[in-house]
Amino acid sequence: MKASYNTEDIQRLLASSDELEIAHLFAYAKKVKNEIVGNKVYLRGLIELSNQCSKDCYYCGIRCGNASVQRYQISEKEVVDLAIKAHETGIGSLVLQAGERSDKEYVVFVEHLLQKIMQSTNAELGITLSLGEQEKDTYKRWKEAGAKRYLLRIETSNEELYKKLHPENHSYTQRLKGLEILKKLNYQVGTGVMIGLPFQTIADLADDILFFKNFDVDMIGMGPYIPHEDTPLYQYSKEIPTGEERLLLSLKMVALTRIILQNVNIAATTAMQTLDPQGREQAIQVGANVIMPNLTPAKYRENYFLYQGKPKVADDFNLSIKTLEQSLAKIGAVIAYREHGDSKHFASKNNQK
Ligand code: SAH
Ligand code: SF4
């Protein structure tokens with residue numbers, strides 16, 4: 001395998017159907033991962049705080065235009081109790097995710113929530129937020145309240161494609177600006193894309209990896225696009241690659257991102273597990289090092305369908321972590337308990353400052 005890949009190399013590998021070539025790519029990505037970040041899998045317990053959203057992204061099941069969704073907001077107490085349970089189970093980090101809201105009341109709710117979680121868990125949990133685009137002051141307040149990482153997917157690095165996936169008042173430039181602010185505020189910054197979208201080309205995906213590299217991100221969360229029938233994009237479902245093809249493309253994206261970006265954290269995402277029950281384990285074997293077990297109580301989870309077919313897991317998360325531990329053991333990976341598992345890339349950037 002070559003040490004550095006140019007755009008043509010990336011495009012060729014993404015398009016390749018040569019089994020031997022793909023096997024080499026995957027084996028090399030695994031080697032790079034083990035050498036650079038090790039074979040530990042870091043956990044981020046995912047809590048889906050709310051499905052209320054002011055945005056109308058054409059691909060997403062909980063977009064504000066979908067009237068058939070029953071909206072919910074988890075209470076502060078419920079989230080804090082879940083955080084305490086996660087902490088006791090040995091989960092080192094949390095991800096708080098939700099639809100996008102930026103009204104004052106909500107900003108304060110999240111700020112208090114973060115403070116409460118920190119107080120109730122000895123400030124030992126690493127907290128990641130995935131709450132969409134916000135004002136600089138909001139990002140700042142949330143960081144001061146305890147968050148240290150932020151996930152904001154660019155969704156696609158092709159601005160023209162971005163426009164096709166969103167209404168006119170959703171701005172690519174604004175999203176990019178959000179990522180820049182987060183970087184300036186010294187968050188560990190994560191981004192990512194959906195893979196196998198209508199109108200998306202192999203060249204777009206290759207550019208996405210180069211975007212991650214050029215933007216110098218610390219964490220990547222990406223996965224296959226999965227159509228949801230209550231969305232405008234659903235009409236193109238027959239024009240996208242099959243589920244199997246989208247999963248393979250996603251695995252290649254993980255492998256190439258690991259090889260090219262080296263020391264970042266890469267998540268094995270739920271969307272991969274949706275297309276194949278072993279999708280996350282497959283991603284771990286080709287370069288991913290983070291898994292986000294879903295801790296959202298089942299009664300809410302049913303209403304957080306960004307896409308269809310999201311796995312329904314038992315409410316007992318101790319049990320689901322044990323099951324995960326066993327399936328990871330089969331592929332020689334170990335869960336890192338009680339560790340934040342911060343991005344090595346972030347640490348190396350800060351050392352250089
Ligand atoms: N509202 C926040 C966080 C929740 S959405 C935000 O948009 O940033 C989290 C991610 O879910 C989005 O970034 C998007 O990449 C993904 N997503 C939404 N709909 C999807 C679909 N149909 N298939 C796959 N991923 C989807
Ligand atoms: Fe809202 Fe995020 Fe879904 Fe867009 S992707 S509609 S911002 S939850």
Short question: side chain of [X], backbone of [Y] - any donor-acceptor pair under 3.5 Å?
{"X": "E133", "Y": "G178", "value": "no"}
{"X": "N39", "Y": "G332", "value": "yes"}
{"X": "Q134", "Y": "R101", "value": "yes"}
{"X": "S16", "Y": "L13", "value": "no"}
{"X": "Y300", "Y": "Y72", "value": "no"}
{"X": "Q188", "Y": "F346", "value": "no"}

Are [X] and [Y] packed together at the side-chain level, in the sense that at least one heavy-atom pair is separated by less than 4.5 angstrom?
{"X": "P224", "Y": "L249", "result": "no"}
{"X": "V110", "Y": "V107", "result": "no"}
{"X": "M219", "Y": "V290", "result": "no"}
{"X": "K163", "Y": "Y172", "result": "no"}
{"X": "Q119", "Y": "V80", "result": "no"}
{"X": "C53", "Y": "N51", "result": "no"}
{"X": "L261", "Y": "I266", "result": "no"}

For the residue pair [X] and [Y], confirm or rule out a side-chain donor-acceptor distance under 3.5 Å.
{"X": "S327", "Y": "E281", "answer": "yes"}
{"X": "T121", "Y": "E124", "answer": "no"}
{"X": "S343", "Y": "R149", "answer": "no"}
{"X": "N158", "Y": "T156", "answer": "no"}
{"X": "Y225", "Y": "Q200", "answer": "no"}
{"X": "N351", "Y": "S348", "answer": "no"}
{"X": "D218", "Y": "N265", "answer": "no"}
{"X": "Q52", "Y": "Y106", "answer": "no"}
{"X": "Y42", "Y": "H340", "answer": "no"}

Would you confirm whether the ring centroid of H166 sits within less than 6.0 angstrom of the ring centroid of Y162?
-> yes
Electrostatic pair [X]:[Y] at N-O distance under 4.0 angstrom:
{"X": "K322", "Y": "E325", "result": "yes"}
{"X": "K85", "Y": "D81", "result": "no"}
{"X": "E48", "Y": "R301", "result": "no"}

In Å and rounded to the nearest 0.5 Å, what is the [atom1] to [atom2] distance from [X] to [Y]?
{"X": "R338", "Y": "L125", "atom1": "CZ", "atom2": "CG", "value": "10.5 Å"}
{"X": "L256", "Y": "I209", "atom1": "CG", "atom2": "CD1", "value": "4.5 Å"}
{"X": "T191", "Y": "K183", "atom1": "OG1", "atom2": "NZ", "value": "11.0 Å"}
{"X": "N6", "Y": "D9", "atom1": "CG", "atom2": "CG", "value": "4.0 Å"}

Pair V286, R258 - check side-chain contact (heavy atoms from CB on, under 4.5 Å), show working.
CA-CA 8 Å; V286 304; R258 171 60 67 204; over 6 Å; no
In short, ring pair (Phe, Tyr, Trp, His ring centres under 6.0 Å) pairs touching residues 177-218 with sequence neighbours left out are Y150-Y187, F199-Y236, F211-F215
In the single-linkage hydrophobic clustering (I, L, V, M, F, W, Y; side-chain heavy atoms under 4.5 Å), do I47 and W142 co-cluster?
-> yes
Please determine whether the number of non-hydrogen atoms from other residues, nucleotides or ligands lying under 6.0 Å from atom [atom1] of [X] exceeds 12.
{"X": "K55", "atom1": "NZ", "result": "yes"}
{"X": "E244", "atom1": "CD", "result": "no"}
{"X": "K148", "atom1": "NZ", "result": "yes"}
{"X": "E180", "atom1": "CD", "result": "yes"}

Checklist line | side-chain contact (heavy atoms from CB on, under 4.5 Å) between K136 and L185, worked out | finding: CA-CA 9 Å; K136 182 175 178 186; L185 291 173; 4.2 Å; yes
What do the steps show when you test E135 against T138 for side-chain hydrogen bond (donor to acceptor under 3.5 Å, both in side chains), and what is the final call?
-> CA-CA 5 Å; E135 298 289 327; T138 303; over 6 Å; no
Checklist entry - How far apart are the closest heavy atoms of D56 and H170, and which atoms are they? => result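 Heavy atoms only, the tightest pair is N-NE2, 2.9 Å.
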task = May I have the step-by-step check of salt bridge (Lys or Arg N to Asp or Glu O under 4.0 Å) for R141 and E144, ending in yes or no?
result = CA-CA 5 Å; R141 284 172 70 162; E144 280 160 9; over 6 Å; no
Quick one: do R153 and M194 satisfy side-chain contact (heavy atoms from CB on, under 4.5 Å)? Show the steps, please.
CA-CA 9 Å; R153 288 186 175 181; M194 284 175 285; 4.0 Å; yes
